[in-house]
Amino acid sequence: MKTAKSLAGVLILVLILSVSWSGQVGAAPARGGNLTIGVDQEAVGLDPNLVTAFSSVARVGLMYNRLVRYDNDLDIIPDLAESWEIPDNLTYTFHLRKGVKFHDGAELTSEDVKFTLDRILDPKTGSPALSYLAPVKKVEAPSRYEVTIRLKEPMASLLSVLASDNLSVVPKHAVEKQGNLQRVVVGTGPFKLADYVPDNYMKLVRNPNYFKPGEPYLDSVTFKVIPEQMSLLAAVRSRNLDMAAISEGGIIVQARRDSGLSVEQVPSLNARTFGFNVTRAPFNDERVRQAVALALDREQIIAAAEFGFGQPTGPVPASAKKWALPVSAFPSYERNIARAKQLLAEAGLPNGFAFSILCAASYEGGLPVAQVIQSQLKQIGVTANLEVVEWGAYIDRWVKRDYQGIVELRGGGADPDRFLYRMLHSTGSVNNFLFKNAQVDELLEKGRSAVDYKTRKNVYDAAQKLIVEKAPVIFLYVGNENAAMQKYVKGFNVMPNGALYYLEETWLDK
Amino acid sequence: MRKLLKNYLSVTGLIIIMIFFLAQALAPSIAPYDPTMMEPGNLLAPPTSHNPLGTDGYGRDIMSRLLYGGRVSFVVSILSTLVALLFGTATGLLAGFFGGWVDTVLMRIMDIILAFPALLLAICIMAVLGQSNLNIVLAIGVVYIPQFARLTRGSVLAVRDLEFVEAVRALGARSPRIIVRHIVPNILPSLLVQVSLTISLAVLYESALSFLGLGAQPPTPSWGNMLSESRRYMELAPWTAVAPGAAIMLVVLGFNLLGDGLRDVLDPRLRGRI
């Protein structure tokens with residue numbers, strides 16, 4: 001009955017989408033209007049080279065540009081760089097678009113690009129993107145519209161790294177004057193910052209000098225912060241919002257039932273994980289971690305926590321199809337209570353043990369996931385106590401690695417180097433599991449410096465299997481990125497990484 | 001007592017409370033399932049003979065969770081009211097009986113507690129003490145101390161200078177004996193009414209704290225956290241919200257009716273009216 005209902009829901013959705021799609025064919029985008037978008041978290045700072053919060057990254061992505069960017073199929077396409085050459089594995093030359101203007105009227109030149117990269121490479125800046133760029137030796141600006149990046153060793157993921165919003169190009173003159181850009185915005189992007197009242201709203205207006213002729217179509221975009229997911233949907237229904245980014249599956253089901261709205265969903269690059277501090281007992285014993293992994297049933301977690309919107313994933317997010325292994329490649333993904341109990345007995349814990357899982361009540365904090373894990377672990381005699389803490393405390397303890405087990409939402413990347421190296425290399429900047437394994441390190445280094453796809457694929461296949469076997473962190477699933485919109489919102493695409501780039505092509509059909 | 005049983009309001013209240021008491025006391029034997037057991041293939045099932053009140057988003061039986069959740073509400077509300085009663089009455093007795101600077105100091109402290117919005121104060125106390133069941137009892141208890149203190153002090157002032165107290169004093173009784181033997185019995189009726197009303201508020205506050213994630217921690221069911229979880233699928237599965245919501249309403253109503261009934265019976269001026 002339920003499947004029939006959801007099937008009907010999908011059919012209706014397809015119908016709606018096809019109708020709206022056919023309506024779009026031939027109709028030229030209309031200029032003008034304001035689009036109000038609801039989000040569940042306020043931005044924390046606006047300097048693209050410094051921000052870490054998902055909420056900030058999504059907003060700076062609209063006001064700045066990168067050398068290259070992702071499209072919604074996660075292919076690299078030109079952004080500020082019109083074209084690029086890779087004469088050898090250690091040299092990348094980018095040709096910039098001519099005549100690109102910053103919001104203050106100054107022209108963007110290779111000096112700004114060099115300045116930006118040097119700024120990130122300077123440890124004093126404290127940029128979270130620093131570890132991405134470890135293999136960079138030197139950045140040169142041979143002419144006004146040409147930038148050359150020289151590497152110490154080959155790095156296949158360089159383009160993918162340059163597509164990160166953290167590598168958005170900032171103007172040299174403004175940073176030198178202001179110190180940093182956390183409060184002011186001087187970008188090249190389609191929208192300029194007009195008005196900002198933190199915790200209330202942020203208004204962006206059209207950049208008339210944007211380098212894509214005619215775009216953006218909208219006169220302005222207003223962000224409104226509404227922390228509660230159900231209230232976000234209510235605001236879309238009452239037409240107080242034109243669009244809302246929604247994370248919870250249950251809310252999306254309710255949005256889809258509403259024939260007045262259109263809902264778009266794509267598999268997310270962000271992975272839900274259950275990690276351990278592997279320096280603390282009993283998780284310093286590999287067998288205990290494996291036993292826990294064997295006791296989990298991912299489908300059940302997805303059903304309860306995400307309303308079934310998600311797919312089990314290995315260490316590379318399942319949505320990054322070029323690199324992800326099918327989960328059948330991982331033997332421990334098949335639930336096996338007997339084997340789990342046996343492993344616990346071998347580890348000297350035949351009667352199980354008790355530990356605590358750190359989580360928070362927000363979507364990112366994963367409380368529902370922790371609850372299902374708790375109930376599943378009971379079946380191998382393991383008692384998981386939930387430590388539900390407030391979001392600030394959660395981040396604080398995440399940074400200090402102060403936990404036994406933790407449920408997280410990890411921001412993924414389309415290239416495995418971007419995702420795995422930071423998280424699981426012994427020197428990785430977000431290796432919060434304190435996991436050290438020489439073999440894993442070696443594979444991740446090899447994958448970073450190899451250039452040929454086939455070689456890298458083999459290396460990452462081996463790395464994924466090894467990581468799942470060592471289980472410093474259990475990769476659970478990737479959910480969906482969702483947007484609920486009014487029917488008159490056209491041209492928007494939801495991106496797997498949650499970026500809002502497509503707002504520059506969005507227009508209102510009313 | 002006979003008067004109380006004639007008052008149909010308080011009888012209704014008493015019946016509701018008795019059902020509530022029995023349901024939570026017998027939860028282990030009458031609950032159809034383990035309240036924390038998740039049935040993966042049976043998420044958000046509407047009420048059926050299999051699950052009389054349906055299941056929640058994790059496939060747990062709502063009937064069982066409601067019964068076990070009642071235990072949290074019951075224990076917390078009774079204990080926190082006891083805390084408030086004990087400390088509040090003691091404060092009120094001392095302040096009322098001795099007067100002077102004792103009265104001033106104690107009652108100003110009570111005024112300070114009263115100056116904070118009750119829920120806000122409870123949240124602050126929880127934030128400072130940390131999450132535990134004992135702390136919920138303390139947080140809610142502290143909030144209601146001033147009510148009891150004021151009520152007691154008022155009653156003590158009213159009887160302190162009556163002739164029978166003067167008489168006992170003249171006979172040589174000392175203060176503790178006068179308070180315990182002669183003053184407390186006189187203020188007992190009004191305390192009883194206050195206790196009943198406070199329990200109903202404590203049930204509400206316990207639910208509110210659980211709703212905000214400060215009360216009973218998962219997987220322990222409580223009415224407040226059941227309501228809080230149901231927010232995610234209120235439209236898809238309204239029964240997840242209706243059951244705990246109705247339970248809270250009924251129990252609060254029950255204690256209020258009892259309290260009102262008690263007051264009617266004990267207050268001669270209101271006797272005969274509804």
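So that the names make sense, note that chain A is the first sequence line, chain B the second, and so on, each numbered from 1.
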Between the OG1 atom in B:T36 and the CD atom in A:Q374, the distance rounded to the nearest 0.5 Å is 8.0 Å
What one should report as the nearest heavy-atom pair of B:L236 and A:G250 is CD1-O, 3.7 Å
Item to check | B:E229-A:Q371 side chain donor-acceptor pair, cut-off 3.5 Å | outcome: yes
Turns out that what part of A:A361 lies under 4.5 Å from chain B's heavy atoms comes down to neither
Ranking A:Q300, A:Q376, A:E387 by heavy-atom pairs under 4.5 Å to chain B gives rank one to A:Q300
Check: Do B:R232 and A:Q254 get their side chains close enough for a donor-acceptor pair, meaning under 3.5 Å?
Finding: no
If one checks every heavy atom of A:A370 against chain B at 4.5 Å, the contacting part turns out to be neither
Those residues of residues 130-151 of chain B that come under 4.5 Å of chain A on a heavy-atom basis, listed by number, are none
Applying a strict 4.5 Å limit to non-hydrogen atoms, the region of B:Q217 in contact with chain A is side chain
Among residues 224-239 of chain A, those lying within the under-4.5 Å heavy-atom range of chain B are A:E228, A:M230, A:R237
For A:A304 and B:Y58 the tightest heavy-atom approach is CB-CD2, 3.8 Å
Looking only at A:L367, A:V372, A:I251, the option with the highest number of non-hydrogen pairs under 4.5 Å against chain B is A:V372
